[in-house]
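All residue numbers in this chain count up from 1 along the given sequence.
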Amino acid sequence: MDTGKELLFFFSALGSFNGIILGVYFFFFTKKKFLTNYFLGALLFALSIRIGKSVFIYFHPELPKMYLQLGLTACFFIGPCLYYFLRSAVEEINVMPKSWKMMLLFWGILIVSVGFLYPYETYPTLWSFYFIRIIYFQWFVYILFSGFTIRGVLKKIFNTKEKASPSEIWFGTLFLGTFLLFLFYFLAIMGASAATYISGAVVFSFILYLIISILLYRKKTDDLFLLNSQKVSGKKIDAAEAVIISEKLENIMNEKSLYKNPNLNLQDLSREINISSHQLSQFLNNNLGKNFTSFVNEFRINEACRIITSNDKLTLESVGYDVGFNSKSTFFAAFKKHTGTTPLNYQLQALQT
């Protein structure tokens, strides 16, 4: 291996290794734990494994076929992680909806089952021709979904008349970087003369070092994970308008019991009262001093308290599901935060009165 190839190998392999380290950072070491952190960490893990496979196979093609299968398996999770990463930011979702868990579980079971039944070592043609096209098609579909999710952000980035916030640039860069990575790999698969597998690794390394530079340069990084943080950091909505929004929220939440929907998000609620999601987020943060999740959980906990005091035949876990929580642990944690006691203690106190 000549000096040029050695440098290319080092640069690409280091990018893959740093991607794993950065993924660990987003999972475990960020000060504030947003759902976006975890999906970004998962995205970097999947990308790093995919890139690592490309690097080692490119320079050492004699490696076992299991490395090819591992890389393509990781590739199957890049699209979903990117999509949920962006959706959780745009819609300010901080508790993973059950539908997301089921979809990720479905993809996981599917790719692991296929890998077990049809290993690359035994069925190389099946993987190199058919499965790889299915995997990249799935990745492309999720890129389309992701682009649609942040279409407003992308429009703002490419519009010279509007100044994008740091968080918008951050999310736009991550999306475009992943898209470029997909494009390079796709062109390589299709046999384009100017595209090789190693070019994807180089693009990933460049994007990764850009991410690291942003994190090192900025003293504050929490705002990078909240797309609406810049938009809601201004002054409060005026009193008259705030009263109107408050009344609309109170009426719609009680009349339609929207809080019972475990997948309710900021955009859904804003559509119900005919205001923008940014305006609703601003009202909740600046006028009420709470985020979307806390606001909705208050209605859920109030309803849970009513059910507990009026019906002692239901289990506490079923009460949590009935009022809109998608897990027992989330319900218990939110209940204690809101009331200062556990659901069981609250039930016992209610029975004694």
Side-chain angles (χ1 to χ4, degrees), residues 22-23 26 30 32 34-47 75 77-97 99-100 103-104 136-184 186 203-204 206-208 210-211 214-215 218 221-233 263-271 275-282 284-285 291-293:
L22 199 57
F26 286 127
T30 50
K32 293 185 179 180
F34 302 112
L35 189 58
T36 49
N37 294 42
Y38 298 114
F39 276 118
L40 180 56
L43 175 63
L44 288 173
F45 275 128
L47 286 169
C75 193
F77 292 96
I78 296 173
C81 288
L82 174 68
Y83 174 61
Y84 291 135
F85 162 65
L86 295 172
R87 268 199 68 183
S88 60
V90 171
E91 299 178 10
E92 294 188 354
I93 299 172
N94 207 31
V95 177
M96 192 188 305
S99 60
W100 295 14
M103 183 55 70
L104 289 171
Y136 274 80
F137 176 75
Q138 182 246 30
W139 187 0
F140 178 68
V141 169
Y142 271 107
I143 284 179
L144 291 180
F145 287 160
S146 300
F148 182 79
T149 298
I150 62 165
R151 60 194 183 281
V153 172
L154 295 175
K155 183 178 179 181
K156 193 171 182 180
I157 290 174
F158 290 108
N159 187 350
T160 56
K161 295 180 181 180
E162 293 186 83
K163 184 179 180 181
S165 67
S167 59
E168 288 170 332
I169 295 173
W170 166 261
F171 282 95
T173 300
L174 290 170
F175 168 77
L176 293 172
T178 307
F179 171 72
L180 283 175
L181 192 63
F182 164 82
L183 186 62
F184 273 98
F186 177 75
V203 169
F204 173 73
F206 175 77
I207 295 168
L208 188 67
L210 180 62
I211 293 173
I214 293 173
L215 293 174
R218 291 178 60 85
T221 58
D222 291 331
D223 62 326
L224 294 177
F225 297 93
L226 296 172
L227 261 178
N228 295 321
S229 63
Q230 296 294 323
K231 298 169 185 173
V232 301
S233 60
N263 297 320
L264 180 69
N265 58 52
L266 185 73
Q267 290 184 330
D268 292 336
L269 185 55
S270 64
R271 280 194 293 266
I275 64 173
S276 70
S277 58
H278 299 154
Q279 189 177 10
L280 176 57
S281 185
Q282 181 183 3
L284 294 175
N285 281 268
N291 59 28
F292 171 76
T293 302

Return the minimal non-hydrogen interatomic distance between [X] and [Y], and the atom names on each side.
{"X": "Leu280", "Y": "Ser270", "answer": "CD2-N, 3.7 Å"}
{"X": "Asn263", "Y": "Pro97", "answer": "OD1-CB, 3.0 Å"}
{"X": "Phe292", "Y": "Leu284", "answer": "CA-CD1, 3.8 Å"}

Enter the distance from [X]:[atom1] to [Y]:[atom2] here, rounded to the nearest 0.5 Å.
{"X": "Leu174", "Y": "Leu44", "atom1": "CG", "atom2": "CG", "answer": "8.0 Å"}
{"X": "Ser146", "Y": "Tyr84", "atom1": "OG", "atom2": "OH", "answer": "10.0 Å"}
{"X": "Leu269", "Y": "Ile275", "atom1": "CG", "atom2": "CD1", "answer": "7.5 Å"}
{"X": "Leu82", "Y": "Leu47", "atom1": "CG", "atom2": "CG", "answer": "8.5 Å"}
{"X": "Leu144", "Y": "Phe179", "atom1": "CG", "atom2": "CZ", "answer": "8.5 Å"}

- [ ] Kindly determine whether Trp100 and Leu35 satisfy side-chain contact (heavy atoms from CB on, under 4.5 Å), including the steps that lead there.
- [x] CA-CA 12 Å; Trp100 295 14; Leu35 189 58; 4.0 Å; yes
- [ ] Compute the centroid of each ring, for Tyr83 and then for Phe39, and state whether the two points are separated by less than 6.0 Å.
- [x] no
TODO: Go through the structure and list residues passing salt bridge (charged side-chain N to carboxylate O under 4.0 Å, His left out) with Arg271, not counting sequence neighbours.
DONE: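 Arg271 satisfies salt bridge (charged side-chain N to carboxylate O under 4.0 Å, His left out) with Asp268 once adjacent residues are dropped.
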Within the structure provided, determine whether [X] and [Y] are in side-chain contact (heavy-atom separation under 4.5 Å).
{"X": "Leu40", "Y": "Leu43", "value": "yes"}
{"X": "Phe175", "Y": "Thr149", "value": "no"}
{"X": "Ile78", "Y": "Phe182", "value": "no"}
{"X": "Trp139", "Y": "Thr178", "value": "yes"}
{"X": "Cys81", "Y": "Phe45", "value": "no"}
{"X": "Pro80", "Y": "Gln138", "value": "yes"}

Task: Cation-pi, Phe148 ring and Arg151 (6.0 angstrom, 45 degrees) - done: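 Yes, Arg151 and Phe148 form such a contact.
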Task: ring pair (Phe, Tyr, Trp, His ring centres under 6.0 Å) partners of Phe137, counting only residues at least two apart - done: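 Per chain and number, Phe137 pairs via ring pair (Phe, Tyr, Trp, His ring centres under 6.0 Å) with no residue.
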TODO: Taking ring pair (Phe, Tyr, Trp, His ring centres under 6.0 Å) as the test, write out the residues that go with Phe77, two or more places apart.
DONE: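 Phe77 satisfies ring pair (Phe, Tyr, Trp, His ring centres under 6.0 Å) with no residue once adjacent residues are dropped.
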